[in-house]
Amino acid sequence: MELFETVNDIKEYLKTKKEEGLTIGFVPTMGALHEGHLSLFREAKEENDLVVASIFINPSQFNNQSDLEKYPRTLETDLKKLEEQGCNVVFHPSVEEMYPEPDTTEFDFGNLDKVLEGEFRPGHFNGVASVVKKLFEIIKPDRAYFGLKDFQQLLIIHKMIKDFDCPVELVPCAIVREKNGLAMSSRNELLSKSERKQASLIYKTLKFIKVQAGFQPIHELKNYVEREFKRKNMKLEYFEIVDMYTLEPLTTWLGSKNVITCIAVQVGNVRLIDNIILFS
Ligand code: AMP
């Protein structure tokens, strides 16, 4: 496995691989790798000649300094895990390497970055799109793998690819969960044992909603979820039932198609997000 820290070095290396006719599958990450990430690498490995990972904690997508500071950093174990997965190339640049000048790129995603995560993390998706666009330009992948766990991010990247005609195929990958249903996340490392147990309410609730979808009125389900989290002393940031492509909230189940429910919950000091597709 090759490790690169500079833009020029990785560009040069991948250029020769491209010239040899090899296809490149790319998995962007912020490190602290878990099974959720590794499932993306397995999929990329199956579909491409060469798998490239990036490990970069992008400051411009953090709207909260303490979230950035406490984000887990586990480079040594990450590299071991990537090697075991048969990853071929890792790009691990410094912030100065990626952004010698402050990041001033501004995207227009319409409504997509204003709601859900966008409402609670202003500027987050602009930072995500900016770094992913830059990484696409450096790596020039044939396919890029993103988890459905960050569903709104997937929509944003999809729009960015379309708007800028990025020559890359976006491959969405299923959510990988812990035994208790909690969606795997690097942030789960920051949960205490009891918080981890508490957090299992998130997926339990999503599964319950999936069973009720189409039968119970939407506003009643929303009230139910708000009450449940209050009862368990957990801070619910949002729980929304929305159109899967526009993220517009649904008010009725009539003609329901392409519906997803998204949730964000603060457990202790850790912010967790999850989602489940109700109707596809
Ligand atoms: P991150 O390191 O959090 O930026 O995540 C890197 C990629 O892994 C993103 O595309 C995430 O959506 C994906 N990912 C994170 N957690 C999971 C999970 N539990 N299941 C599937 N994909 C995930």
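Nothing here was measured: the structure is a model prediction, and the numbers come from that model. As the structure lists them, so they are numbered: ligands from 1, and atoms in each ligand from 1.
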(Q) Just to be sure I'm reading this right: ignoring hydrogens, which of H37, M30, K149 gets closest to atom 5 (O) of ligand 1? Compare them by their nearest heavy atoms. (A)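 Considering heavy atoms of H37, M30, K149, the nearest to atom 5 (O) of ligand 1 sits in H37.
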
Logged contact type for R177 with ligand 1, heavy-atom cut-off 4.0 Å, is neither

Self-check item: ligand 1-proximal atoms of S186, by part, heavy-atom distance under 4.0 Å
Solution: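 Looking at S186 and ligand 1, no heavy atom falls under 4.0 Å.
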
Can you confirm whether E76 is buried at CD, in the sense that more than 12 heavy atoms of other residues, nucleotides or ligands lie under 6.0 Å from that atom?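 Count not over threshold, so no.
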
shortest atom 21 (C) of ligand 1-to-protein heavy-atom contact is with A174 O, 3.2 Å

For atom 20 (N) of ligand 1, the protein heavy atom that lies nearest, with its residue and separation
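The answer is V176 N, 2.9 Å.
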
Are [X] and [Y] side-chain neighbours, meaning at least one heavy-atom pair lies under 4.5 Å?
| X | Y | answer |
| --- | --- | --- |
| M244 | F151 | yes |
| Y224 | Q212 | no |
| K204 | F208 | no |

Identify, by atom number and element, the atoms of ligand 1 in contact range of [X], meaning under 4.0 Å from any of its heavy atoms.
| X | result |
| --- | --- |
| M184 | 16 (N), 17 (C), 18 (C), 19 (N) |
| F146 | 10 (O) |
| Y71 | 3 (O) |
| I175 | 20 (N), 21 (C) |
| H34 | 15 (C), 16 (N), 17 (C) |
| T29 | 2 (O), 6 (C) |

With under 30° as parallel and over 60° as perpendicular, where do the rings of F164 and F107 fit, or are they tilted in between?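 Answer is perpendicular, since the angle exceeds 60°.
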
Between L190 and E195, the two heavy atoms sitting closest are O-OE1, 4.1 Å

[X]-ligand 1 polar pair, N/O distance under 3.5 Å:
| X | result |
| --- | --- |
| G147 | yes |
| D150 | yes |
| P28 | no |
| L40 | no |

State whether [X] and [Y] are salt-bridged, where the test is any N-O pair (Lys NZ or Arg NE/NH1/NH2 against Asp/Glu carboxylate O) under 4.0 Å.
| X | Y | value |
| --- | --- | --- |
| K80 | E83 | no |
| E137 | K133 | yes |
| E189 | K70 | no |

Checklist entry - Is the shortest distance from a heavy atom of E35 to ligand 1 less than 4.0 Å? => result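 E35: no contact with ligand 1 (<4.0 Å).
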
### Query
Below 4.0 Å from any atom of ligand 1, is there a heavy atom belonging to A32?
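Outside the 4.0 Å threshold, so no.
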
* Hey, quick one: are V115 and I263 part of the same hydrophobic cluster, counting side-chain heavy atoms closer than 4.5 Å, chains of contacts allowed? ->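 No: no chain of side-chain contacts under 4.5 Å links V115 to I263.
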
- Task: For the pair D67 and R121, evaluate salt bridge (Lys or Arg N to Asp or Glu O under 4.0 Å) and give the outcome as yes or no after the intermediate values.
- Result: CA-CA 11 Å; D67 189 24; R121 304 185 69 187; 3.8 Å; yes

